[in-house]
Amino acid sequence: MGSPADEVNITDAIMEVDGCLFPADIISREGLAYTKNFPVREDDVFNVTYPKSGTTWMQEILSLIMNDVDISKVESVPNWNRAPWLELATAPGYLDGRESPRLATTHVYATFAPTQIMQGKGKVVYVYRNPKDTLISFYHFHNMAKFLSTPESFESFVSDFMNEKLSFGSWFEHIKTWMDVRDKANIIFIAYEDLRKDLAGSVTRIATFLGKKLDAEKLKALVDHCSFSSMKNNNMVNYSEVPRTYFDRGQKFMRKGTVGDWKTMFTVAMNEEFDAFVREKMKGYELDDGWTSDTK
Ligand code: PPS
């Protein structure tokens, strides 16, 4: 999530636009119009995610790939400035006059994204994560972010996730809309779990997609800087600088950063029901064979 610069009155209100829910405290119709009509430059890079899928991690990875792994450059500028969310009110201030190549972030479905992306302009790095781990991370985030409603219970949150009643819409719809445009947009799909398994290999794949080559020394510097332990203590990405109005500091944004944390909260029955639901819902969208496996 981005950090709007000024403090505002937070109400956790929801806005529905074209069947998708948005947190009205931080997203407006103007922001969505700006996003849709964003004039895309050929060398723009978009970090696209459903919330809690690895957005912040990819912001750091892309910032470094794009600046030739100059770590000093990312150490003084927060992620929400370096890779601003298109749909937030602060985006024009960051992006409109910015030198190329620009990096932007978005949580929106492809149907809300800049039209010019679907005309082949810019490059999209789409990060996805095992839906159960995404759900768990989003659940904890709902208890932290004041612009999202506090869940009544874990069970009710699982039901809202399955029934597409969460802010930023449905995990299922999100992936499907972006997979639907894969032949029109310049897009690469990267799994959070693959970043965990082989960060260096995944970074090399992303760099190649962006037309960059990192030597072994730079690759190692990037991988070290982007480890969970390093990012957890990095105030430019861990949201410790965000005003209390937005986040309850009792909770940490950089929570666990692991694969399989869903096992700590799903019962066997919930897991079976959820997996069957995901299999049914994602029919025809088998990006890999693991939507419901332990690893994805
Ligand atoms: S947001 O609010 O949508 O921008 O959140 P997002 O950044 O997409 O997701 C937050 C989760 O990503 C984890 N994270 C990482 N995991 C591994 N390595 C690194 N470097 C890393 N950086 C962030 C973060 O801990 C959240 O996951 P959970 O499971 O809650 O720990």
Side-chain angles (χ1 to χ4, degrees), residues 1-4 22-23 25-27 46-64 71 74 78-88 103-109 125-148 151 154 157 161 166-169 171 174-175 190-200 202-203 206 221-242 246-248 251-266 295-296:
M1 308 287 157
S3 169
F22 294 96
D25 290 318
I26 60 167
I27 308 239
F46 299 92
N47 173 23
V48 179
T49 56
Y50 185 75
K52 315 320 284 186
S53 301
T55 323
T56 318
W57 201 359
M58 191 52 70
Q59 285 175 320
E60 203 65 358
I61 293 168
L62 291 174
S63 293
L64 286 169
I71 289 181
V74 298
N79 61 322
W80 62 76
N81 174 330
R82 279 186 273 118
W85 271 259
L86 279 174
E87 54 270 29
L88 296 186
L103 172 59
T105 300
T106 184
H107 281 324
V108 299
Y109 296 171
V125 178
Y126 186 95
V127 189
Y128 62 97
R129 186 180 190 185
N130 174 333
K132 287 182 289 202
D133 282 341
T134 305
L135 182 156
I136 297 288
S137 183
F138 211 10
Y139 170 72
H140 289 291
F141 193 61
H142 272 70
N143 285 310
M144 170 186 184
K146 295 188 177 166
F147 51 84
L148 297 173
F154 179 60
F157 190 80
F161 188 97
L166 296 179
S167 272
F168 297 103
W171 179 91
H174 202 285
I175 296 199
I190 299 283
Y192 175 98
E193 293 74 14
D194 287 340
L195 295 173
R196 287 277 325 182
K197 214 185 303 167
D198 178 12
L199 185 53
S202 302
V203 167
I206 299 161
L222 187 155
V223 166
D224 289 349
H225 180 85
C226 293
S227 70
F228 183 73
S229 54
S230 160
M231 284 186 59
K232 193 179 169 75
N233 295 314
N234 178 348
N235 288 354
M236 292 298 109
V237 296
N238 67 10
Y239 288 95
S240 53
E241 312 276 314
V242 170
Y246 293 101
F247 288 163
D248 175 355
Q251 314 252 3
K252 292 255 184 283
F253 183 91
M254 294 289 175
R255 209 178 53 85
K256 289 191 179 172
T258 54
V259 173
D261 194 36
W262 61 268
K263 290 173 192 153
T264 61
M265 294 191 79
F266 275 74
T295 50
K296 264 177 236 145

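First listed ligand is number 1; within each ligand, the first listed atom is number 1. If you're wondering where the values come from, they're calculated on a predicted model, not measured in any experiment. Residue numbers run from 1 in the order of the sequence given.
For ligand 1, the atoms sitting less than 4.0 Å from at least one non-hydrogen atom of H107 are 3 (O), numbered in the order shown with element in parentheses. Near S227, the atoms of ligand 1 lying under 4.0 angstrom from a non-hydrogen atom of the residue are 20 (N). The ligand atoms of ligand 1 that sit less than 4.0 angstrom from a heavy atom of M254 are 22 (N), 23 (C), 25 (O). For ligand 1 and C226, the ligand atoms under 4.0 Å from any heavy atom of the residue are 20 (N). Remark: ligand 1 atoms within the under-4.0 Å shell around heavy atoms of M231 are 20 (N), 22 (N). Interface atoms of ligand 1 facing F228, defined by a heavy-atom separation under 4.0 Å, are 15 (C), 16 (N), 17 (C), 18 (N), 19 (C), 20 (N), 21 (C), 25 (O).
For ligand 1, the polar-atom distance check finds no N/O of T258 at less than 3.5 Å from any of the ligand's N/O atoms. Residue contacts with ligand 1: G54 is placed with a nitrogen or oxygen under 3.5 Å of a nitrogen or oxygen of the ligand (distance criterion only). Between K52 and ligand 1, at least one N/O pair is under 3.5 Å apart. Checked against a 3.5 angstrom limit, the closest N/O atoms of F141 and ligand 1 fall outside it. Checking only distances, Y239 never comes within under 3.5 Å of ligand 1, N or O to N or O. Between R255 and ligand 1, at least one pair of N/O atoms sits closer than 3.5 Å. At least one N or O atom of K256 sits closer than 3.5 Å to an N or O atom of ligand 1.
Using a distance-only test at 3.5 Å, with no hydrogens or angles considered, no donor-acceptor pair links the side chain of D248 to the main chain of M144. For W57 (side chain) and C226 (main-chain N/O), a donor-acceptor pair under 3.5 Å exists by modelled atom type. Panel note: side chain T49, backbone H107; no donor-acceptor pair is recorded below 3.5 Å.
Under the 4.0 angstrom criterion for non-hydrogen atoms, R129 is in contact with ligand 1. Assignment of A145 to the shell around ligand 1 is not supported, since no heavy atom sits closer than 4.0 Å. Not a single heavy atom of Y50 sits under 4.0 Å from any atom of ligand 1. Heavy-atom separations between H140 and ligand 1 are all 4.0 Å or longer. Residue contacts with ligand 1: M58 is excluded, as none of its non-hydrogen atoms falls under 4.0 Å. Heavy-atom distances between Y192 and ligand 1 reach below 4.0 Å in at least one pair.
In this pair, W262 and F266 present their aromatic rings perpendicular. The plane angle is above 60°, beyond the 30 to 60° band. Ring geometry for F253 against Y239 counts as tilted: the plane angle lies between 30° and 60°, on a 0 to 90° scale.
For R82 and S63, the side-chain atoms include at least one donor-acceptor pair closer than 3.5 Å. Checked by atom type, the side-chain pair H225/E60 shows a donor-acceptor distance below 3.5 Å. In this model, no donor atom of one side chain and acceptor atom of the other lie less than 3.5 Å apart for N79 and T56.
Using a 4.0 Å cut-off between heavy atoms, P51 contacts ligand 1 through both its backbone and its side chain. Contacts between S230 and ligand 1, counted as non-hydrogen atom pairs separated by less than 4.0 Å, are absent for every part of the residue.
Taking the six-membered ring for Trp and the full ring otherwise, the centers of F147 and H142 sit at least 6.0 Å from each other. For an aromatic pair to be called close, the ring centres must be under 6.0 Å apart, and Y50 with F168 fails this.
We find that K146 and D25 are not joined by a salt bridge, their nearest charged nitrogen and carboxylate oxygen being 4.0 Å or further apart.
Scanning all heavy atoms of the two residues, the minimum distance from V108 to H174 falls at O-NE2, 3.3 Å.
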Requested in this report: Apply the test side-chain hydrogen bond (donor to acceptor under 3.5 Å, both in side chains) to residues S240 and N235: give CA-CA distance (whole Å), side-chain angles for both, the deciding distance (0.1 Å), then the verdict.
Outcome: CA-CA 6 Å; S240 53; N235 288 354; 3.1 Å; yes

